[in-house]
**Q** 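Attaching a single structure in C-alpha cells format; questions to follow.
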Amino acid sequence: MNEAYVITLAVWGLICLALFLLLLRRRGMKLVSALWGAVFAAVLGYALAKAFYVGLLCTRVWPRFGWEAFLRTKGAEFCFFGGCLGAVLGMALGARLTKTDEKRFLSAFAPCGAFMAAGARYAERYLGLLGAGSLVENPTFQRFPFAVSNQWDEWFRAIFMLEALCALAVGAVFLARKKEGLLPGLRLERTAFYLCLTQIFCESLRAQGMRWGFVRVEQVLCAVCLVGLLVYGCAQAEEWRFGKRFWPVFASLLCIGLIVGVEFALDKTDMSPVFWYAVMIAVLTGFGALECFCTGRRFKQIRFSN
C-alpha cells in the first residue's frame, strides 16, 4: 500500500484520538477506554474492510486470487463501509473491556469517527485515481483540490475531496450539537446516518468502486444502514399503531427504490446526468427529513415524560 497513504491515515488517526481523549476527559470518562478502543478499531477496521471486499465480491475475487485475496493490500481492494463498521465495533469493544458505558462512549466517539472518515477519504489522493470521477474539461478546475491527474496529464474530478468535506461537515455539526446528549447513543446514530446519506450521493460520482453490474455495493451497504437506523428510531416511538409508528421506514424504502431508478437511468440512458443527480439530491433530502421526523418524535417523548 502507498506509504504516503498510510502516513496520512496514521496522522489523522492520532489527531482524532487526541480530540476523542479531550472529549472523554470533559465528560469524566475513562481515557484508557479510548486507547484500547483505538487498537481494536485499527485491527477490526482493517480486517472488516478486507473481509467485506472479498466476501461481497467473492465470485470475482476468489477464483482469481483464492486465499491470497485476504493478504493483498492494494487500495482498491478494501470496502470503506466495512472499515468504518470495524472502527465502531473496535471502539465498542474497548468500552466493554474497560467497563465503560458503551452508548455514552460511542456518542463521544461519533464526531471523531466522522473526522477520521474524512481523513481516510483525503488520503485517497495518494492512491491514484481510486477516488476520482469523470473527466474535467474546464482548465480552471484542472488542479488539486478540484481534480487529480494521471500519467497523461488528464484531469479527473476529485470525488474523494467532496467525500472528505461531507464527513468533516457531519462531524462538525454533531460535535457542536448538544441536544443529542439527551438520548444515549443518539449522536452515534445520527452521525452514522448522515455519513451514509452523503456517501450514497458521492459514491455515485466515483468512476471506480465495488459493483454488482450497475449496482454500487457501497451504496447498498449505506442504504441498508439507513433503513436499519430508521427502524431502530421508529421502534423507540411510543405509538401503539404499527403504521403510525413505522411509516417512515416504508417511506424510506420508496426513497431507495427511486435512488435505484436514478442509478439505472444514469447507467442506461442518455439524459443529462445533471438532471438525475438533482433528482437524487431531492430524494436524499427527503430521506434526511424522515430521519429528522423520527428524531424529533423521540425528543418530544423525552419532553412529555419529564
Side-chain angles (χ1 to χ4, degrees), residues 9-10 12-53 55-56 78-121 167 170-171 173-175 177-199 218 221-236 291 294-295 298:
L9 277 184
W12 270 96
L14 290 174
I15 293 172
C16 293
L17 178 59
L19 175 61
F20 187 30
L21 291 171
L22 178 61
L23 293 176
L24 290 179
R25 184 177 181 182
R26 288 180 176 177
R27 288 165 171 76
M29 301 175 71
K30 298 176 183 177
L31 302 188
V32 69
S33 302
L35 299 178
W36 277 111
V39 174
F40 293 135
V43 173
L44 288 179
Y46 182 92
L48 288 189
K50 174 56 70 174
F52 268 56
Y53 177 84
L56 294 170
F78 291 86
C79 174
F80 190 80
F81 181 92
C84 293
L85 178 61
V88 173
L89 292 177
M91 283 296 175
L93 186 57
R96 178 161 296 189
L97 181 68
T98 54
K99 298 181 180 180
T100 300
D101 185 288
E102 290 177 38
K103 287 188 175 182
R104 286 187 62 220
F105 182 79
L106 291 177
S107 287
F109 169 71
C112 304
F115 294 145
M116 187 62 217
R121 284 307 192 189
V170 171
V173 166
F174 290 107
L175 179 64
R177 285 179 60 89
K178 306 300 181 186
K179 199 171 183 181
E180 279 69 23
L182 297 173
L183 286 170
L186 182 60
R187 195 183 310 276
L188 175 66
E189 295 173 39
R190 303 202 76 190
T191 301
F193 186 94
Y194 288 100
L195 283 176
C196 287
L197 194 71
T198 54
Q199 176 64 26
E218 295 272 9
L221 294 172
C222 288
V224 170
C225 184
L226 291 176
V227 174
L229 288 169
L230 278 184
V231 169
Y232 180 79
C234 290
Q236 308 307 307
E291 190 278 337
C294 292
T295 301
R298 293 167 72 181

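Only this structure's heavy atoms are used, side chains among them; waters, hydrogens and symmetry mates stay out.
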**Q** Does Ser107 reach the main-chain N or O of Gly185 with its side chain, forming a donor-acceptor pair under 3.5 Å?
**A** yes
**Q** Given the ring of Phe109, does Arg104 sit roughly above its face, with NZ or CZ under 6.0 Å from the centre of the six-membered ring and within 45° of the axis?
**A**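 Not flagged: Arg104 not positioned over aromatic ring of Phe109.
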**Q** Hey, what do you get for NZ (Lys179) to OG1 (Thr295), rounding to the nearest 0.5 Å?
**A**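 Reported to 0.5 Å precision, the distance equals 9.5 Å.
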**Q** So, for Phe52 and Phe80, is the gap between ring centers shorter than 6.0 Å?
**A** no
**Q** Walk me through whether Val227 and Val231 qualify under side chain to side chain contact (heavy atoms under 4.5 Å, CB included).
**A** CA-CA 6 Å; Val227 174; Val231 169; 4.2 Å; yes
**Q** Rounded to the nearest 0.5 Å, how far does CG of Leu188 lie from CG of Leu183?
**A** 13.0 Å
**Q** Side-chain donor-acceptor contacts of residues 22-34 below 3.5 Å, not counting sequence neighbours, with atom names and distances?
**A**
from  : atom 1 : to     : atom 2 : distance (Å)
Arg27 : NH1    : Leu23  : O      : 3.3
Lys30 : NZ     : Thr98  : O      : 2.7
Ser33 : OG     : Thr98  : OG1    : 2.5
Ser33 : OG     : Thr100 : OG1    : 2.7

**Q** Between Arg298 and Glu180, does any side-chain N to carboxylate O distance fall below 4.0 Å?
**A**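 No, Arg298 and Glu180 are not salt-bridged.
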**Q** Measuring only between side-chain heavy atoms, which start at C-beta, is Glu189 closer than 4.5 Å to Tyr232?
**A** yes
**Q** For Leu175 and Phe115, run side chain to side chain contact (heavy atoms under 4.5 Å, CB included): C-alpha distance rounded to whole Å, both residues' side-chain angles, the deciding distance at 0.1 Å, then the answer.
**A** CA-CA 10 Å; Leu175 179 64; Phe115 294 145; 4.0 Å; yes
**Q** Which residues pass the side chain to side chain contact (heavy atoms under 4.5 Å, CB included) test with Val39, sequence neighbours left out?
**A** none
**Q** Nearest 0.5 Å, what's the CG-CG distance between Leu221 and Leu56?
**A**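 It comes to 5.5 Å.
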**Q** If you look at every heavy atom in Glu291 and Tyr194, which pair is closest and at what distance?
**A**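 Heavy atoms only, the tightest pair is OE1-OH, 2.6 Å.
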**Q** As an exercise, state the distance from CG of Leu106 to SG of Cys112, rounded to the nearest 0.5 Å.
**A** 11.5 Å
**Q** How many angstroms lie between CZ in Phe174 and CG in Leu186, if you round to the nearest 0.5 Å?
**A** 8.0 Å
**Q** Please identify each residue that fulfils side chain to side chain contact (heavy atoms under 4.5 Å, CB included) with Cys222, with sequence neighbours left out.
**A** Phe81, Cys196, Gln199, Ile200
**Q** Report the distance from atom CG of Leu21 to atom SG of Cys16, rounding to the nearest 0.5 Å.
**A**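 If we round to the nearest 0.5 Å, Leu21:CG and Cys16:SG are 11.5 Å apart.
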**Q** Hey, are the side chains of Leu197 and Val170 touching, using non-hydrogen atoms and a 4.5 Å cut-off?
**A**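 The answer is no, as the side chains (C-beta and beyond) never meet within the 4.5 Å cut-off.
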**Q** Is it the case that the side chain of Thr198 and the backbone of Leu195 share a donor-acceptor pair, with hydrogens and angles ignored and the cut-off at 3.5 Å?
**A** yes
**Q** So, for Ala41 and Ala87, which heavy atoms are closest and what is the spacing to 0.1 Å?
**A** CB-O, 3.5 Å
**Q** If you take all heavy atoms of Gly86 and Leu48, which pair is closest and at what distance?
**A** CA-CD1, 3.5 Å
**Q** Minimum heavy-atom separation for Lys178 and Arg187, please, with both atom names.
**A** O-NH2, 4.2 Å
